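Right, one structure below, let's go through it.
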Protein chains: 4
Amino acid sequence: MGTAGRPRSEESHKAILQAAYDLLHEGGFARFTFERVAARAGVSRSTIYRWWPSKGALAMESAFDALSVELAFEPSRSPVDNFRTRLRLVAVALKGRPGRIIAGMLAEGQQDPGTIEIFTKLYIEPARRITRALLHQAVDEGFLRPDFDIEMAIDIAFGALYHQLLLGRTLERDWIDRLVDFIFRGALIEPSPIPN
Amino acid sequence: MGTAGRPRSEESHKAILQAAYDLLHEGGFARFTFERVAARAGVSRSTIYRWWPSKGALAMESAFDALSVELAFEPSRSPVDNFRTRLRLVAVALKGRPGRIIAGMLAEGQQDPGTIEIFTKLYIEPARRITRALLHQAVDEGFLRPDFDIEMAIDIAFGALYHQLLLGRTLERDWIDRLVDFIFRGALIEPSPIPN
Amino acid sequence: MGTAGRPRSEESHKAILQAAYDLLHEGGFARFTFERVAARAGVSRSTIYRWWPSKGALAMESAFDALSVELAFEPSRSPVDNFRTRLRLVAVALKGRPGRIIAGMLAEGQQDPGTIEIFTKLYIEPARRITRALLHQAVDEGFLRPDFDIEMAIDIAFGALYHQLLLGRTLERDWIDRLVDFIFRGALIEPSPIPN
Amino acid sequence: MGTAGRPRSEESHKAILQAAYDLLHEGGFARFTFERVAARAGVSRSTIYRWWPSKGALAMESAFDALSVELAFEPSRSPVDNFRTRLRLVAVALKGRPGRIIAGMLAEGQQDPGTIEIFTKLYIEPARRITRALLHQAVDEGFLRPDFDIEMAIDIAFGALYHQLLLGRTLERDWIDRLVDFIFRGALIEPSPIPN
DNA sequence: CTTTAATCGAGACGGTACGTCTGGTCTTGTT
DNA sequence: AACAAGACCAGACGTACCGTCTCGATTAAAG
């Protein structure tokens with residue numbers, strides 16, 4: 001098989017991702033450059049160019065763990081409540097450093113389609129998947145009308161959140177609640193199937 | 001009073017804005033630099049630095065007219081229909097060059113808060129104002145429930161649109177219709193107050 | 001004896017020399033790199049490094065045949081005429097591609113003594129040997145004074161030729177004739193020993 | 001007049017030439033790079049690129065003084081002796097650092113015609129001019145035959161010297177004397193016009 | 001028939017330098 | 001003052017080679 005050649009140095013690989021991660025957290029996308037990553041990682045620039053096609057790709061890969069970090073929560077019996085809880089957690093994350101990184105990623109992606117592609121695959125899609133499951137469950141269990149437009153609800157939820165983020169708004173808890181209310185307006189089936 | 005000194009050259013001012021506008025349309029934000037604008041306008045770089053604090057500010061100012069361009073339409077008697085029509089027009093604009101410029105502006109703004117500020121004031125706020133008026137009218141005239149959350153509807157509408165834009169999606173007409181339907185879901189008062 | 005191990009691949013060896021030769025003729029020394037040679041020859045870089053200590057060494061070996069090529073000529077009865085004919089032929093060669101290669105070799109040698117050494121041994125010395133024989137014959141046969149400084153004549157002849165070459169001059173036939181005249185000035189024995 | 005713009009920094013200019021000069025003397029052409037010159041001079045790389053078109057041009061300019069260094073000598077009454085003295089001095093210079101620099105210059109010039117051009121104009125031509133004057137005087141004053149080929153004598157003298165230099169030979173005093181003898185062989189008019 | 005030794009390909013690695021570009025700043029003379 | 005002109009430093013870009021270094025696979029002669 002084609003396993004010839006000197007094997008990739010796992011050490012360098014890790015050092016690069018770590019350095020990238022650190023730089024991203026310290027200065028955001030603005031101060032994130034290949035040169036700095038290389039210097040910080042103690043690695044030659046060409047090694048980075050060999051493995052990552054763009055700044056966005058490297059940033060995405062290095063930040064992925066941090067981005068998908070602990071959005072877990074104790075699910076309640078109502079998927080609608082779970083949806084609300086989840087959006088609140090996402091909002092909290094977006095208010096912090098992960099938010100700045102995501103914003104930077106979206107910005108970078110406007111100049112480089114490859115970055116958007118990676119970002120979508122690694123971050124957006126998984127996030128939507130989780131949310132989609134929640135809403136499907138809500139419909140299946142009779143909390144939401146059967147004709148509820150799940151995909152649009154997701155587009156709207158994340159769209160609104162990211163829009164606030166990109167415009168530098170604060171994502172207050174109250175705003176999140178109004179968002180959730182709006183989304184479920186006229187979609188909830190009363191009385192709730194959950195007895196008392 | 002202190003009005004001594006050479007007066008600002010209106011000629012240069014216009015040449016700069018025109019050159020900036022052209023560059024923005026030719027190559028988007030990526031190829032938009034002070035150097036190029038200065039060269040194209042036949043103006044020294046320092047003159048630009050004197051009057052605009054950042055790339056974003058100059059881009060915004062030069063592109064403003066083009067962005068707020070022809071979204072006018074023949075209003076119908078139903079403000080809800082007008083809202084739908086307006087979103088469709090916005091979507092059409094976002095699919096074209098203005099969309100790429102707006103995306104670039106949002107991207108630039110992630111590195112420079114000043115740009116976001118100007119962008120918000122010059123573009124976002126006016127756009128929201130028009131939309132807000134439409135929805136207020138719809139409530140006032142009895143098309144929408146009195147407790148309809150107008151601000152959130154606006155956040156959602158633009159958030160969803162821009163989210164699609166930034167992720168490189170296509171903004172199909174069908175998607176716009178579903179968006180409008182979702183927003184008005186459960187908010188419409190039937191029967192319509194418009195007779196026949 | 002220690003002749004174990006896989007034998008050297010004659011195929012690769014030839015492919016390398018051929019590729020080196022081609023590259024040298026296509027782009028001169030400037031575009032002649034180990035990387036390109038390896039790629040062209042379909043050979044790994046390390047194989048080249050194993051067998052040739054430097055670019056100059058490889059270049060020299062690959063170009064040798066081309067350099068010492070067709071300087072043969074029909075000798076006349078006068079060794080002095082033969083010397084003149086020979087210098088003319090050398091000049092013609094130096095005006096063409098071999099000249100550019102030789103110039104490149106001398107240039108390379110200024111950074112790497114090994115290259116000069118090989119170049120001297122493979123090219124300079126043989127060329128001098130032929131010329132030396134001619135002049136010795138001329139002295140022996142009574143065309144030139146017995147105290148003619150043969151070695152210096154050779155130093156001068158090649159020195160002058162290469163100097164022109166390195167300074168980018170054109171090596172006109174007229175100049176060659178003046179060079180030969182100068183070298184033999186006061187050294188010819190008259191009348192010529194060749195009876196008519 | 002077109003004297004607008006920030007004037008060239010004499011400080012930087014001098015620092016660059018000094019740094020270039022130092023590097024050339026420390027490591028020869030091999031270790032002479034724009035990067036190093038910039039770093040040593042405390043100057044940005046672009047400033048060097050703005051003013052010098054190539055490494056060779058910068059090297060030449062920085063080394064010129066050192067190259068044309070003290071070849072002055074007390075002239076005797078015989079221009080032929082002066083010629084001999086001059087060649088000896090040139091040889092001494094070529095044996096030292098200036099020789100390595102000149103060799104590097106010629107080498108560099110093989111890849112970049114511009115360098116050869118500058119080198120010829122700044123160094124070769126002036127050196128020939130001095131030598132030419134000496135030989136003209138020798139003819140005029142009756143030391144050399146009127147039909148002595150002065151230009152070829154110069155071509156030969158420098159050609160032979162540089163050839164030795166480029167081949168890494170040692171330029172012994174004895175060799176110089178034989179060179180001069182060869183050049184004047186059969187060209188001297190006896191008895192010398194200089195009365196004793 | 002299995003070591004052992006050398007070669008070969010593939011290809012990664014740390015480096016160095018290239019030439020270009022942009023961002024901001026500054027220093028002039030001119031208007 | 002504002003302006004054109006243009007120099008300056010800083011620093012990142014992406015590319016090209018360098019010479020070295022693993023690796024696994026191949027190929028013979030030697031044990």
Side-chain angles (χ1 to χ4, degrees), chain A residues 1-13 31-39 41-51 53-55, chain B residues 2-9 11-13 31-36 38 41-51 53-55, chain C residues 1-13 31-39 41-51 53-55, chain D residues 1-13 31-39 41-51 53-55:
Chain A
M1 265 280 303
T3 59
R6 177 173 175 172
R8 179 171 186 176
S9 159
E10 261 318 303
E11 201 175 352
S12 291
H13 189 178
R31 303 186 58 84
F32 181 82
T33 67
F34 276 16
E35 299 234 348
R36 253 192 260 273
V37 173
V43 147
S44 84
R45 223 146 37 91
S46 52
T47 298
I48 305 185
Y49 279 108
R50 199 180 345 261
W51 296 107
S54 66
K55 284 208 308 182
Chain B
T3 60
R6 178 175 176 174
R8 178 170 186 177
S9 157
E11 200 176 351
S12 290
H13 188 177
R31 303 186 60 84
F32 181 82
T33 67
F34 277 17
E35 300 229 345
R36 257 190 259 272
V43 147
S44 83
R45 237 157 11 108
S46 53
T47 300
I48 305 183
Y49 278 107
R50 198 183 341 263
W51 299 107
S54 66
K55 283 211 307 184
Chain C
M1 268 284 298
T3 60
R6 177 173 179 174
R8 178 171 186 175
S9 157
E10 260 318 303
E11 200 175 353
S12 290
H13 188 179
R31 303 185 59 84
F32 180 83
T33 68
F34 277 16
E35 297 231 348
R36 255 192 258 272
V37 173
V43 146
S44 84
R45 237 152 14 101
S46 54
T47 300
I48 306 185
Y49 278 108
R50 196 182 342 261
W51 298 108
S54 66
K55 282 208 310 183
Chain D
M1 269 279 302
T3 58
R6 178 174 177 172
R8 179 171 186 176
S9 159
E10 261 318 303
E11 201 176 351
S12 290
H13 188 179
R31 302 184 60 84
F32 181 83
T33 67
F34 277 16
E35 299 231 348
R36 253 191 259 272
V37 173
V43 146
S44 86
R45 228 145 32 91
S46 54
T47 299
I48 305 185
Y49 279 108
R50 185 168 320 124
W51 297 108
S54 66
K55 282 209 310 183

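Remember, it's a predicted structure, so these values are computed and weren't measured experimentally. These values consider heavy atoms only, across backbone and side chains, with no hydrogens, waters or symmetry-generated copies.
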Quiz item: If you round to the nearest 0.5 Å, how far is CZ of C:Arg8 from CD of C:Glu10?
Solution: 6.5 Å
Self-check item: Between P of E:dG14 and CD of A:Glu11, the distance in whole Å
Solution: 9 Å
Quiz item: For B:Glu35, what residues pass the salt bridge (charged side-chain N to carboxylate O under 4.0 Å, His left out) criterion, not counting sequence neighbours?
Solution: B:Arg45
Quiz prompt | Rounded distance [0.5 Å steps], CZ in A:Arg50 versus OG1 in A:Thr47 | solution = 4.5 Å
Practice problem: May I ask you to evaluate whether C:Ser12 reaches the phosphate of E:dC8, defined as a side-chain N or O under 4.0 Å from OP1 or OP2? | Solution: no
Self-check item: Whole-Å distance separating the CZ atom of D:Arg50 from the P atom of E:dG19
Solution: 16 Å
Exercise. Round to a whole Å and report the spacing from CZ of A:Arg8 to P of F:dC23.
Key: 16 Å
Quiz item: Between F:dC8 and D:Trp51, is there an OP1 or OP2 to side-chain N/O distance shorter than 4.0 Å?
Solution: yes
Quiz item: Taking protein heavy atoms under 4.0 Å as touching, what does nucleotides 22-28 of chain E look like 5' to 3' if B marks base contact, S marks sugar-phosphate-only contact and - marks none?
Solution: BBBBBBB
Quiz item: So which one's nearest nucleotide on DNA chain E is more toward 5', C:His13 or A:Glu10?
Solution: C:His13
Self-check item: Residue mapping more 5' on DNA chain F - nearest nucleotide basis, D:Thr47 or B:Thr47
Solution: B:Thr47
Quiz prompt | Residues that D:Thr33 engages under side-chain hydrogen bond (donor to acceptor under 3.5 Å, both in side chains), provided they are two or more places apart | solution = none
Quiz prompt | For the student: nearest non-hydrogen atoms of B:Ser44 and B:Ala38, plus distance | solution = C-CB, 4.3 Å
Quiz item: Roughly how far, to the nearest 0.5 Å, is CZ of A:Phe34 from OG of A:Ser54?
Solution: 6.5 Å
